[in-house]
Amino acid sequence: MRHIAIIGSGPAGYYTAEAAQKKFGDEVCIDIIDRLPVPFGLIRTGVAPDHQSIKAVSRRYEKTNLGDNVRFVGNVSVGSDVSVDELQGFYDAVVLATGAPNDRKLDIPGNELSGVIGSAAFVGWYNGHPDFKDLNPPLAGKSVAIIGNGNVALDVARILAKTQNEFRGSDIVAHALDALAQSKIRKITLLGRRGPHQIAMTPKELGELGHLEKARPVVDPLDFPDEGDDAMLEPGMRKSVTHLRSFYQRAGELLDKPITIDFDFFAMPVEIKGDGEVEQIVVERTELDKDMRSIGTGERYELDCQMVISCIGYRTPPIEGVPYEHGRGRFANTEGRILPGLYCVGWAKRGPSGTIGTNKPDGFGMVELIDEDIGAGDQKEGRKGLDRLMAERNVEAVTFRDWKKIEEAEIARARAGAPREKFTDIAEMIAARES
Ligand code: NAP
């Protein structure tokens with residue numbers, strides 16, 4: 001029997017479990033350990049609440065968990081409740097699928113001002129992550145600057161721009177929905193340090209901005225290269241740029257929408273100013289060098305704003321004793337191997353890039369490595385050892401059956417038209433399994 005522990009119950013973790021189930025059949029026992037009492041990681045607390053079709057992939061993970069050889073072990077923190085070393089003593093393979101939940105630091109003066117928020121916190125807030133439920137972002141100002149030109153920046157802009165009506169059918173948590181109902185934001189500025197041909201936004205997500213009830217995207221045609229140059233782009237990128245161009249081509253018909261989402265290209269934030277809280281962001285104009293990197297031109301402008309949300313990428317939190325690559329914010333690994341018996345997969349392995357689906361080949365590839373390395377297993381005791389340790393330490397795990405009860409309670413308390421109303425407090429989640 002092979003014993004595998006997967007740390008993290010997001011897409012990378014579940015695809016790895018699915019692959020191991022398929023590869024080893026009855027000859028494997030898999031524990032998926034998560035520090036939260038609820039599974040699915042990024043699907044639950046990262047994917048935007050108005051993108052329910054993407055979240056539906058959790059049904060596939062649920063199917064994996066219904067197999068006899070896969071167990072969800074929620075509410076157990078690796079690092080404090082149990083160490084990686086201890087897990088390695090019990091399991092043939094320990095796979096870190098911990099994602100990249102920490103923000104990359106926005107390293108400019110003024111980053112400590114109140115109202116400067118990282119996307120992990122902001123996204124966690126509207127998605128009901130227990131760590132960020134009390135964020136209370138300042139929504140009373142008129143203007144917000146969003147740093148970054150990736151899909152997370154788009155998610156954040158869209159959520160800030162939507163009307164209450166547009167959240168119908170979403171699972172945005174009540175505290176965020178209520179706060180957004182009072183929002184005074186009228187101007188959302190997306191600061192991209194490079195140009196329209198260098199965005200990291202995908203076409204479907206970008207296209208959505210052109211169909212919002214009260215908001216309109218605004219681009220400056222002068223920022224664009226000749227239209228003929230779009231032909232050199234790969235097809236997905238070309239579609240994204242076509243959407244961007246359509247925003248100025250359709251500008252006239254969108255004029256009556258009161259909220260603007262301004263794309264400031266070639267705009268590099270260099271300082272945030274304010275007396276205790278954000279009042280302005282200073283932006284330097286950039287141009288591209290021959291390698292398409294942004295370089296400052298020295299020309300600066302100031303943008304009044306009352307909140308800054310940096311959406312500039314994420315990092316994997318280090319775990320004591322596990323080799324870590326500080327520059328790239330992920331575990332030091334070769335194709336997923338960290339140390340004998342210790343692996344990483346998904347964002348913890350490759351950094352925060354790609355879609356949810358990218359984790360599938362990643363997980364399946366990981367299981368091939370494990371197969372090569374551990375063969376038929378090493379007579380370890382597996383979950384029995386973990387259970388004994390948890391009993392000694394009075395750590396009470398949340399099971400998948402418990403999760404289904406929590407989920408039932410979340411569905412039962414949903415507002416009309418919403419799929420669920422998430423619990424945002426760990427104690428509430430745990431109490432709900434007894435309901
Ligand atoms: P991302 O795609 O890597 O985008 C990060 C953006 O931040 C880039 O525009 C980057 O510009 C900019 N940036 C980085 N450092 C900066 C700095 N110091 N100052 C100014 N700008 C800076 O990251 P993400 O948006 O966090 O997304 C993470 C992953 O999740 C991506 O693969 C994304 O596609 C995926 N995702 C997908 C969806 C979806 O499919 N619906 C939704 C959300 C996220 P440069 O290009 O110049 O470096």
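Heavy atoms only: backbone and side chains are in, while hydrogens, waters and symmetry mates are out. One-based numbering, in listed order, for ligands and for the atoms of each.
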Residues 171-182 side chain polar contacts: donor-acceptor under 3.5 Å, at least two apart:
residue	atom	partner	partner atom	Å
D171	OD1	Q52	NE2	3.0
D171	OD2	R420	NH1	2.7
H175	NE2	W125	O	2.8

For residues [X] and [Y], is any side-chain donor paired with an opposing acceptor at under 3.5 Å?
X: S9; Y: D34; answer: yes
X: N151; Y: T202; answer: yes
X: Y91; Y: D31; answer: yes

Proximal atoms of ligand 1 relative to [X] (non-hydrogen, under 4.0 Å):
X: W347; result: 29 (C), 30 (O)
X: N149; result: 6 (C), 8 (C), 9 (O)
X: S353; result: 32 (O)
X: R194; result: 45 (P), 46 (O), 47 (O)

Nearest neighbour in protein (non-hydrogen) for [atom]:
atom: atom 32 (O) of ligand 1; result: G354 N, 2.9 Å
atom: atom 3 (O) of ligand 1; result: P352 O, 4.6 Å
atom: atom 22 (C) of ligand 1; result: I312 CG2, 3.4 Å
atom: atom 4 (O) of ligand 1; result: G150 CA, 3.6 Å

Given [options], identify the one with the heavy atom nearest to [atom].
atom: atom 5 (C) of ligand 1; options: G148, C311, A200; value: C311
atom: atom 24 (P) of ligand 1; options: T286, L106, V47, V152; value: V152
atom: atom 34 (O) of ligand 1; options: V123, N151, V270, D103; value: N151
atom: atom 11 (O) of ligand 1; options: R193, R293, M292; value: R193

Please check if the number of heavy atoms outside [X] that lie under 6.0 Å from its [atom1] is greater than 12.
X: K360; atom1: NZ; value: no
X: K214; atom1: NZ; value: no
X: E320; atom1: CD; value: no

Practice problem: Go through E213 and T163 one step at a time and tell me if the side chain to side chain donor-acceptor pair (under 3.5 Å) criterion holds. | Solution: CA-CA 7 Å; E213 243 174 59; T163 62; 3.0 Å; yes
Exercise. Please check atom 18 (N) of ligand 1 for a protein heavy-atom neighbour under 4.0 Å.
Key: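 Yes; the ligand atom in question has protein heavy-atom contact below 4.0 Å.
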Quiz item: When you measure from the side chain of E205 to the backbone N and O of M201, does any donor-acceptor pair fall under 3.5 Å?
Solution: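 No; judged by distance alone, with no hydrogens or angles, the pair does not exist.
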Practice problem: State whether the side chain of R194 and the backbone N or O of M292 hold a donor-acceptor pair below 3.5 Å, judged by distance alone. | Solution: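 It does hold such a pair.
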Quiz item: I147: heavy atom below 4.0 Å from ligand 1, yes or no?
Solution: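 It does; at least one heavy atom falls under 4.0 Å.
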Self-check item: Residue that, paired with E410, satisfies salt bridge (charged side-chain N to carboxylate O under 4.0 Å, His left out) out of R44, R415, R433
Solution: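 So the option named by the test is R44.
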Output yes when the distance from some N or O of ligand 1 to some N or O of [X] is under 3.5 Å, and no in every other case.
X: E205; value: yes
X: Q198; value: no
X: D155; value: no

Exercise. Evaluate side-chain contact (heavy atoms from CB on, under 4.5 Å) for R158 paired with H51, printing each intermediate quantity in order.
Key: CA-CA 11 Å; R158 190 182 67 254; H51 282 170; 3.3 Å; yes
Quiz prompt | Per-residue contact class, R104 against ligand 1 - non-hydrogen pairs under 4.0 Å | solution =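 The answer is the side chain of R104.
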Quiz item: Is S294 touching ligand 1 with its side chain, its backbone, both, or neither, if touching means heavy atoms under 4.0 Å apart?
Solution: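 Near ligand 1, S294 shows nothing, with every heavy atom at 4.0 Å or more.
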